[in-house]
Amino acid sequence: MVAVMHSEHPSEIPQNGRSGRPRSVEADGAILRATREALVELGWSKVTVGDVATRAGVAKTTLYRRWAGKSELVVDAVAVLFDELELPDLGSLAADVESVVLRFAALLDRPETRTALMAVVAEATRDEALRRRIRTAIVDRQKCLVLEGRARAQARGELPYEDDPAAAARNADLIFDVIAGAVVHRTLVSAEPVDAGWARGFTVLLLSGLASLRH
């Protein structure tokens with residue numbers, strides 16, 4: 001689940017400090033869209049860099065100047081979708097949580113997100129480098145939403161401030177894992193809907209604990 005919105009068009013400034021022709025914003029966007037389209041139509045095993053290049057209307061060398069291979073390309077194609085998530089300030093922690101849960105579920109329900117995410121996660125079970133890229137490009141960036149929501153709740157007096165930075169970081173990780181894990185399992189594993197009622201019940205459980213289930 002990143003507070004900083006990330007465009008589908010990376011910066012035109014050359015990466016790694018290299019001079020030369022700047023990256024094309026339009027080409028990058030077309031490549032990432034083509035990657036997701038190919039995944040939905042063909043599945044991971046049949047997607048090739050050449051096919052993506054053809055769909056995007058660019059040369060294969062254009063892709064290889066930006067990404068080392070298919071795995072990196074697919075992760076980045078998924079990451080920009082998750083960067084669409086925002087945490088609107090609705091005035092209370094409960095309302096904020098319910099909102100982001102519903103937005104996250106709606107994002108996962110899109111065929112391009114669902115297919116691409118499941119593909120890279122499956123592939124990452126046998127590729128440590130890919131797991132690291134998923135963590136940095138998707139997971140770590142989306143944790144900013146937890147930090148943003150917690151800061152708002154603390155400012156409202158709904159949550160206490162945490163004096164220990166290490167404990168605060170661990171707690172943020174735990175909150176992210178609980179929210180992301182529950183929504184991903186509900187939508188992608190159980191294939192059950194995440195509607196307003198489910199989001200409300202989940203939020204009550206998250207904020208009040210298991211004892212709340214008796215009421």
Side-chain angles (χ1 to χ4, degrees), residues 1-10 28-44 47 52 55-56 70-90 93-124 130-131 133-150 152 172-203 205-207:
M1 292 173 18
V2 168
V4 177
M5 294 295 289
H6 183 280
S7 170
E8 195 163 85
H9 311 307
D28 282 357
I31 290 166
L32 296 177
R33 286 191 297 274
T35 301
R36 295 191 296 269
E37 292 170 0
L39 280 167
V40 172
E41 293 179 22
L42 304 175
W44 175 278
V47 172
V52 171
R55 289 169 181 262
K70 183 170 78 171
S71 295
E72 292 185 2
L73 175 60
V74 172
V75 171
D76 284 1
V78 177
V80 295
L81 293 177
F82 281 96
D83 285 346
E84 295 177 12
L85 284 173
E86 294 180 287
L87 186 63
D89 188 347
L90 299 179
L93 178 57
D96 289 353
V97 171
E98 286 183 35
S99 174
V100 79
V101 163
L102 290 171
R103 288 166 180 256
F104 185 34
L107 178 61
L108 292 176
D109 198 44
R110 287 161 55 176
E112 58 179 351
T113 312
R114 181 172 60 248
T115 302
L117 181 62
M118 294 183 76
V120 295
V121 169
E123 191 68 18
L130 181 56
R131 282 199 294 274
R133 190 171 183 88
I134 291 172
R135 284 196 296 269
T136 57
I138 301 175
V139 176
D140 289 346
R141 280 163 37 184
Q142 295 307 315
K143 284 180 181 177
C144 291
L145 290 177
V146 171
L147 301 178
E148 181 183 356
R150 182 174 62 181
R152 286 181 188 169
D173 285 349
L174 181 58
I175 294 167
F176 177 86
D177 289 343
V178 169
I179 295 176
V183 178
V184 168
H185 187 277
R186 176 80 175 177
T187 56
L188 300 186
V189 179
S190 298
E192 296 288 344
V194 173
D195 55 20
W198 189 91
R200 188 176 306 111
F202 171 77
T203 301
L205 176 61
L206 178 68
L207 300 185

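- Leu174 CG to Ile179 CD1: the interatomic distance, rounded to the nearest 0.5 Å, is 10.0 Å.
- Inter-residue side-chain proximity for Asp96 and Val100 is flagged as unmet; no heavy-atom pair is nearer than 4.5 Å.
- Within the 4.5 Å cutoff, no side-chain heavy atoms of Leu93 are placed close to those of Arg152.
- The minimum heavy-atom distance between Val146 and Ala172, with the atom names listed, is CG1-O, 3.7 Å.
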Would you check, one step at a time, whether the test side chain to side chain contact (heavy atoms under 4.5 Å, CB included) holds for Asp76 with Arg133? CA-CA 9 Å; Asp76 284 1; Arg133 190 171 183 88; 3.0 Å; yes

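- Just one of Val189, Leu188, Val183, Thr187 meets the side-chain contact (heavy atoms from CB on, under 4.5 Å) condition when paired with His185; it is Val189.
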The test is side chain to side chain contact (heavy atoms under 4.5 Å, CB included); show your working for Leu32 and Leu73 and say whether it passes. CA-CA 7 Å; Leu32 296 177; Leu73 175 60; 4.1 Å; yes

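- At least one side-chain heavy atom of Phe82 sits less than 4.5 Å from a side-chain heavy atom of Leu108.
- What you find for Arg36 and Leu81 is that their closest heavy atoms are CD-CD1, 3.3 Å.
- Side-chain contact between Leu145 and Phe176 is absent, with no heavy atoms from C-beta onward closer than 4.5 Å.
- Of the possible donor and acceptor atoms, none in the side chain of Arg141 sits under 3.5 Å from a partner among the backbone N and O of Thr136.
- Closest of all the heavy-atom pairs between Thr115 and Leu39 is CG2-O, 3.4 Å.
- Note: Arg186 CZ to Glu192 CD = 5.0 Å, rounded to the nearest 0.5 Å.
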Kindly indicate, with the supporting measurements, whether the criterion side chain to side chain contact (heavy atoms under 4.5 Å, CB included) is fulfilled by Glu84 and Arg110. CA-CA 13 Å; Glu84 295 177 12; Arg110 287 161 55 176; 2.9 Å; yes

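- Closest non-hydrogen pair, Ala137 versus Ala79, comes out as O-CB, 3.5 Å.
- The CD1 atom of Ile175 lies 9.0 Å from the CG atom of Leu147; values are rounded to the nearest 0.5 Å.
- Between the Thr35 side chain and the Ile31 main chain, a donor and an acceptor come within less than 3.5 Å of each other.
- Remark: side-chain polar atoms of Arg131 are paired, donor with acceptor, to backbone N or O of Ala124 under 3.5 angstrom.
- Residues Phe202 and Val178 have side chains in contact (heavy-atom distance under 4.5 Å, counting atoms from C-beta outward).
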Kindly indicate, with the supporting measurements, whether the criterion side chain to side chain contact (heavy atoms under 4.5 Å, CB included) is fulfilled by Val101 and Phe104. CA-CA 5 Å; Val101 163; Phe104 185 34; 5.8 Å; no

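- Shown here for Lys70 and Trp44, the closest heavy-atom pair between the two residues is NZ-O, 2.7 Å.
- Between Arg103 and Glu86, the shortest heavy-atom contact is CD-O, 3.7 Å.
- Interatomic distance, Thr113 OG1 to Met118 CE, rounded to the nearest 0.5 Å: 12.5 Å.
- Of the inter-residue distances, the one linking Cys144 atom SG with Leu87 atom CG reads 11.5 Å to the nearest 0.5 angstrom.
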